There are 2 protein chains.
Amino acid sequence: MLKYQHIAAEIEKYIQEHALQQGDKLPVLDELMVQFGVSKSTIIKSLELLEERGVIFQVRGSGIFVRRHGRKGYISLLKNQGFTRDLDHFPITSQVLELSVRKPTREAATNLNISMEQDVYYVKRVRYIYEQTLCVEESYYNKAIVTYLNNEIVSDSIFDYIREGLGLKIGFSDSYLHVGKLEEEEAGHLGLHKGDPKLDVETIFHLANGQPFDFSRITYNYIQSQFFIQANGHGM
Amino acid sequence: MLKYQHIAAEIEKYIQEHALQQGDKLPVLDELMVQFGVSKSTIIKSLELLEERGVIFQVRGSGIFVRRHGRKGYISLLKNQGFTRDLDHFPITSQVLELSVRKPTREAATNLNISMEQDVYYVKRVRYIYEQTLCVEESYYNKAIVTYLNNEIVSDSIFDYIREGLGLKIGFSDSYLHVGKLEEEEAGHLGLHKGDPKLDVETIFHLANGQPFDFSRITYNYIQSQFFIQANGHGM
DNA sequence: GAGTGGTCTAGACCACCCC
DNA sequence: GGGTGGTCTAGACCACTCT
């Protein structure tokens, strides 16, 4: 683990362990440099990481402060990858409805930037939170990249497997959100009624080298659909 | 303007003018250093800025590449501040329904971290895109910070005024998204029907020093509600 | 004016991609 | 192995806040 990542983790741990609140002041740069025995730039890199994640904010001429948001039970729309990681303290489970190798739809092929003759893994899951249906998810994985999947992997965290099992590096994602009305079939899975509100999130995940490897559409139960986004200045 | 901001702007301009597409390669670090006559760190800082904004992605050992998303007409959920800035090429207009000084609701007071006796500016607007209703917005501005507003300012960009007119620095924001069904009154403003889907976005805007100054709730017309989010690795 | 964060530099060395 | 991006350092100097 890199120094600046380690330091960021330490600072974050410190904030949690001391249950610091929004606006609480952290030690100044000089102190942090001495405390961790690294150069100023390294501390700054750590703090930038934490700032980007919404953990702290820095005020020039004043200090480094803790940033906290006031609401529980919201799903973060950043850092997303299937959010198994986001809702640490929430019991999320999955039921696999289908796992198969097939040819992609035109839409999936376009988004994955492959031809319609190339194989993809198709995965359809229902996800539950607190025994309630949270969402229905359909994913298309480019089989040339994600070479193997089975039921066990798919019931657990697919992304952990891609990282650790396949040794691939996940890079970035583009998500598109739409609000609409539930179709009959979706409503059935979610325990709602046709015509009820829904939130669709389509996401294209790319490897670190820019190759798209996963196109997924998640349809959320509107009652559970509580999301939050922390934005940082840098252009506000 | 700082060197690294200037360089980032130049690179972004270069990408636009040459209509570069996703995956197109930019000059290597050494070239950029020479071209702009600055140190390596400064170039790296510029590239980090662009990466954070979703303009490029970098691959170690390989190069710097252009990042583009494939869909038009989506509203960015980051860099948000009322999105006058996001939809550069879209004609967004506002109709002010109300502008007054009042005492905050309990909810607004809590989110602005003030007492219910302190004055706030209350602004209610309907926003249109292409002559169609996009959203209804209610905002509460802490009057101790945003000391003055009038109809002209409120019809235009409130945030530009806060920055330039009042000389305040806007820092960061926390947004909370909910999906639900439209109430009678909201439906009226949006030209939809009671019970139709809606997307509510509540946002608390903070100054650079951490003080909350604006609490707003925007209710979107679900037909126009197309948003996108670009996420970067750093934890994926 | 003292304190504190931010920018920028020059250079050493490391980690990864791809041929 | 050559090319390329990433980390880390030590230090000079700048910009903002607060009292």
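Proteins get letters first, then strands, A, B, ... in listed order; numbering begins at 1 in each. Heavy atoms only: backbone and side chains are in, while hydrogens, waters and symmetry mates are out. Predicted model, so just to flag it, every value in this text is computed and none were measured.
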Which residue in the set B/Y74, B/F227, B/Y220 passes ring pair (Phe, Tyr, Trp, His ring centres under 6.0 Å) when paired with A/H178?
B/Y74
Just checking, B/R71 and A/Y176: is the charged tip under 6.0 Å from the six-membered ring centre and within 45° of the axis?
yes
Enclosure of A/E17 CD (heavy-atom neighbours >12, cutoff 6.0 Å):
yes
Would you mind building the protein contact string for nucleotides 8-19 of chain C? One character per nucleotide, 5' to 3', B for base within reach (heavy atoms under 4.0 Å), S for sugar-phosphate only, - for untouched.
SBB----BBB--
Is a donor from one side chain sitting under 3.5 angstrom from an acceptor on the other, for B/S100 and B/E98?
yes
D/dT4 OP1/OP2 closer than 4.0 Å to side-chain N/O of B/Q58
no
Sorted by number, residues from residues 22-36 of chain B placing a heavy atom under 4.0 Å from DNA chain C are none
Side-chain ion pair, B/D24 and B/R68, N-O less than 4.0 Å
no
Ion pair check, B/K124 and B/E137, cut-off under 4.0 Å:
no
Please report, rounded to the nearest Å, how far the P atom of C/dG5 is from the CD atom of A/E51.
12 Å
Any Lys/Arg nitrogen of A/E138 or A/R125 sitting under 4.0 Å from an Asp/Glu carboxylate oxygen of the other?
no
Return the value, rounded to whole Å, for the distance between atom CG of B/L47 and atom C1' of D/dT7.
15 Å
Filter on ring-ring contact (aromatic ring centres under 6.0 Å, His included), then keep only pairs touching residues 13-32 of chain A, sequence neighbours left out; what's left?
A/Y14-A/H18
Take the protein atom CD1 of A/I44 and the nucleotide atom C1' of D/dG6, then report the distance between them rounded to whole Å.
17 Å
